[in-house]
Number of protein chains: 4
Amino acid sequence: MSRRGRRASAWSNVVISRDEQFVLKRNALLREAASAFSARGYHNTSLDDVAAALGVTKAALYHYVRSKQEILFECHMMSLDIGDEAMKYARTHGRTGYERLTMLARRYIELITGEMGRIAVLAEYHALDDESKAVIGARRDRWEKDMRAMLAEGIEDGSIRAVDAKLAVFFFMGAVNWMTRWFRPDGGTSGTDIAAAFAELLGEAVKARD
Amino acid sequence: MSRRGRRASAWSNVVISRDEQFVLKRNALLREAASAFSARGYHNTSLDDVAAALGVTKAALYHYVRSKQEILFECHMMSLDIGDEAMKYARTHGRTGYERLTMLARRYIELITGEMGRIAVLAEYHALDDESKAVIGARRDRWEKDMRAMLAEGIEDGSIRAVDAKLAVFFFMGAVNWMTRWFRPDGGTSGTDIAAAFAELLGEAVKARD
Amino acid sequence: MSRRGRRASAWSNVVISRDEQFVLKRNALLREAASAFSARGYHNTSLDDVAAALGVTKAALYHYVRSKQEILFECHMMSLDIGDEAMKYARTHGRTGYERLTMLARRYIELITGEMGRIAVLAEYHALDDESKAVIGARRDRWEKDMRAMLAEGIEDGSIRAVDAKLAVFFFMGAVNWMTRWFRPDGGTSGTDIAAAFAELLGEAVKARD
Amino acid sequence: MSRRGRRASAWSNVVISRDEQFVLKRNALLREAASAFSARGYHNTSLDDVAAALGVTKAALYHYVRSKQEILFECHMMSLDIGDEAMKYARTHGRTGYERLTMLARRYIELITGEMGRIAVLAEYHALDDESKAVIGARRDRWEKDMRAMLAEGIEDGSIRAVDAKLAVFFFMGAVNWMTRWFRPDGGTSGTDIAAAFAELLGEAVKARD
DNA sequence: TATGAATGAGTATTCATTCAT
DNA sequence: GATGAATGAATACTCATTCAT
């Protein structure tokens, strides 16, 4: 019944199984790394740095990941998961293209700034090996295509003016990815505030005029 | 008349002096490096790469710069020079805050994409040493302050609606800096087109409504 | 009882703990380097040389020291420690200034030649960074001052004739430091013999005549 | 009649011929290098340093010497010339072995400190290539043998007590060579004073007692 | 599961040397 | 005679990765 086919023990609510421990620790590692990569860049961050931040030695990290590249890969995947979540939310809740687009923007920024005040990376694409690049690239392309589709729907339904969808998406993605350079979770402006402001800027940038 | 007599020779338009050669070569080096840094990142670019692209050996580079850091520093300075040029242009030619802002955006992007199809870096701030960080940081802060001032002027004169100037600047800077990740000079969309599109997106994002 | 329980185990005389291993290896590294520096000079000795002599790779050295400079610094410190030990011995056992001085000379040379047939460096002062220079310089100055004091005491108590203490110390230090150039532990003359001969030469050079 | 078979010109007393210029400049180069090598060591001294001290560029040095090694070789030769001169002087003027030995010591130090306040190198033997080592080594060995012979003569004629000649020579050579570390021509003690003091210390060290 | 030790590949930097001008 | 430019070899140091314990 349990994930690994072991019988749920009587302690199941209290004790944390070895597998769960593993997952928890791995996630902590990924999040710590994502944060460091965002703040200082992939190549400026050594595994010693990450290990030190977690209070273990570098060698210990290799129990949870196979390589530094894998960490970066997983960070990208986490980041894309967040993107997908925001996408699903917007699709479900928005009615017009304009509504969906602004919802996507707001939700996305809320989620990436919400993770314990850390930001998930999206940059550092070039440090990936070819295979990973293919996987990540494909997901990202798909996501951007979906976002372009939203714009097209908005243009169709009259809520969005005629804009170059491709450039508009790049415009927005740049604004968001650049946040890693200036956003400080303990700074004056909360993630929610930024989400609202950026969503509005994007919305106005593409909104249809009467 | 003497070997050092600086009389303008009949060849003066044709022959290039040693000093001029030096400057030309140094600029070529900086541009090559800037391009590589933009495309692959500072730490992913070895001096061997840069030297190879220029057709010389690594050691030759040290005739023109003192260190890899100095290259990065100069790239930042070049980039900031371009920013200043765009700023001056916008100040001179625009009448309302709105006009100046969109002129700034358009001109800036035109300039950074115009340099022989290369883009000047803006990222990789963290690879700088402390002293350089201070210099670059101060100039960048000043530039962003000037851009915020433009927004404020627009709000004042009624051409721009009430927006958070700080966030609006970050929004725009992100969109621009992100270009290093996707812009290809030989791609389908020209720098001028992007400049126009981005300037319009920014303009609409902040334009006052009636 | 626990893995970290420091109860002296039955094996305590035989087994070597990790910490002890570390110290032993670090000392071996320092001694190997000192030997090489003495024989061929600091700049003529690459870390590859030292590593090869120890049967490891260069990178392994960095587990034990932070830099090549640190190795040189520690070699100097070892050498100064030996000097201090000889100084203490002479102070304790000699009665007249003359006795103490010759005991210092003899003991010092015995110790520096006794270390497994290797000689501790004293030269290569210029390769140190400024901070290290200050530390080493201060200790060396203090030691030379102590030696001058010995001479002064001998002059006072009549066992040593009136000589320029400063020059006499330089005279002796030169004779000793020069040993790195010609002394071979496996050569015909033992360290003890040299110690005796040099101590006598120094003694006669400064001894009071009746 | 002139050294190169050219007729002595009417200007011969006034004008400096090209050959003489060459020799003068080469000597200036050698002396500058010798001084730098003594003060900071062969490997701590770059040809750029030497060139800068002479007010020319590094490449210019290659008009006067074939390599950095050759400079070192010539410095050694100069130093050995001085040694020979002192040796000849002592042989000519001293009557007993003791007299000759102290004369040698004094004259030698006077000469090496007299050269415009610079000291000629003697150390840095290991930086030489094998062929140069052979030449220099042979001359040095011969010189030391001569000095040992002086000691033997003194023992024979009763002016010097029975000492190990080999060790006594090393003792003295060390004292002298070490001078490069502490002697400053503009310091408080003149070369002549040191020569007198060191000659006396050496003399007393080996003098026969009645 | 975690650690210290070791490695190999990579990289910035220095420097003696050469050469066209 | 002298220079600026370029080169190749050497070298200190970093870091991701492996492995025995």
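Hydrogens, waters and symmetry mates play no part in the numbers below; they use all other heavy atoms, side chains included. Note that this is a predicted model, so its numbers are computed, not measured. Residue numbering restarts at 1 for every chain, and letters A, B, ... go by the order of the sequence lines.
When distances run from any side-chain atom of B:Lys68 to the nucleotides E:dT17, E:dA12, F:dA16, the shortest one goes to E:dA12. Comparing F:dT7, E:dT1, F:dT14 by their nearest atom to the side chain of A:His63 picks out E:dT1. The side chain of A:Ser46 sits closest to F:dC15 out of F:dC19, E:dA2, F:dC15. Taking the side chain of A:Ala59 as heavy atoms from C-beta on, and the options E:dG4, F:dG1, F:dA12, the nearest nucleotide is E:dG4.
In this structure, A:Tyr125 and A:His76 have perpendicular ring planes: the angle between them is above 60°, well past the 30° mark. Relative ring orientation between C:His43 and D:His43 is described as parallel, the plane-to-plane angle staying below 30° on a 0-90° scale split at 30° and 60°.
With the nearest nucleotide of DNA chain E identified for both C:Tyr64 and D:Leu47, C:Tyr64 has the one nearer the 5' end. Judged by closest nucleotide on DNA chain F, B:Ala60 is the one of B:Ala60 and C:Tyr42 placed further toward the 5' end. Of the residues near DNA chain E, D:Asp48 and C:Lys25, the one whose nearest nucleotide (by heavy atom distance) lies more toward the 5' end is C:Lys25. Between C:Ser67 and B:Val56, the residue anchored closer to the 5' end of DNA chain F is B:Val56, taking for each the nucleotide with the nearest heavy atom.
Pair assignment for F:dA2 gives E:dT21, based on Watson-Crick or G-U wobble hydrogen-bonding distances that are each under 3.5 Å.
In this structure, the CG atom of A:Leu61 is 10 Å from the P atom of F:dA16, given to the nearest Å. Distance A:Leu54 CG to E:dT3 P: 11 Å, rounded to the nearest Å. In this structure, C:Gln21 places its CD atom 12 Å from C1' of F:dT21, rounding to the nearest Å. Note: CD (C:Gln69) to C1' (F:dT11) measures 14 Å, nearest angstrom. Across the protein-nucleic acid pair, B:Lys58 atom NZ and E:dG10 atom P stand 12 Å apart, rounded to whole Å. In this structure, the CG atom of B:Asp49 is 11 Å from the C1' atom of E:dG10, given to the nearest Å. The interatomic distance linking C:Glu70 (CD) with F:dA12 (P) rounds to 15 Å, in whole Å. Rounded to whole Å, the distance from CG on B:Leu29 to P on F:dA6 is 11 Å.
Contacts of A:Tyr62 with the nucleic acid, taken as non-hydrogen atoms under 4.0 Å apart, include base atoms.
Between C:Lys68 and C:Glu124, no side-chain nitrogen of the basic residue sits less than 4.0 Å from a carboxylate oxygen of the acidic one, so the salt-bridge criterion is not met.
Nearest approach of C:Asn44 to C:Asp49, heavy atoms of both residues: O-OD2, 3.8 Å.
The backbone N or O of C:Arg31 lies less than 3.5 Å from no partner atom in the side chain of C:Ser35, so there is not a single donor-acceptor pair.
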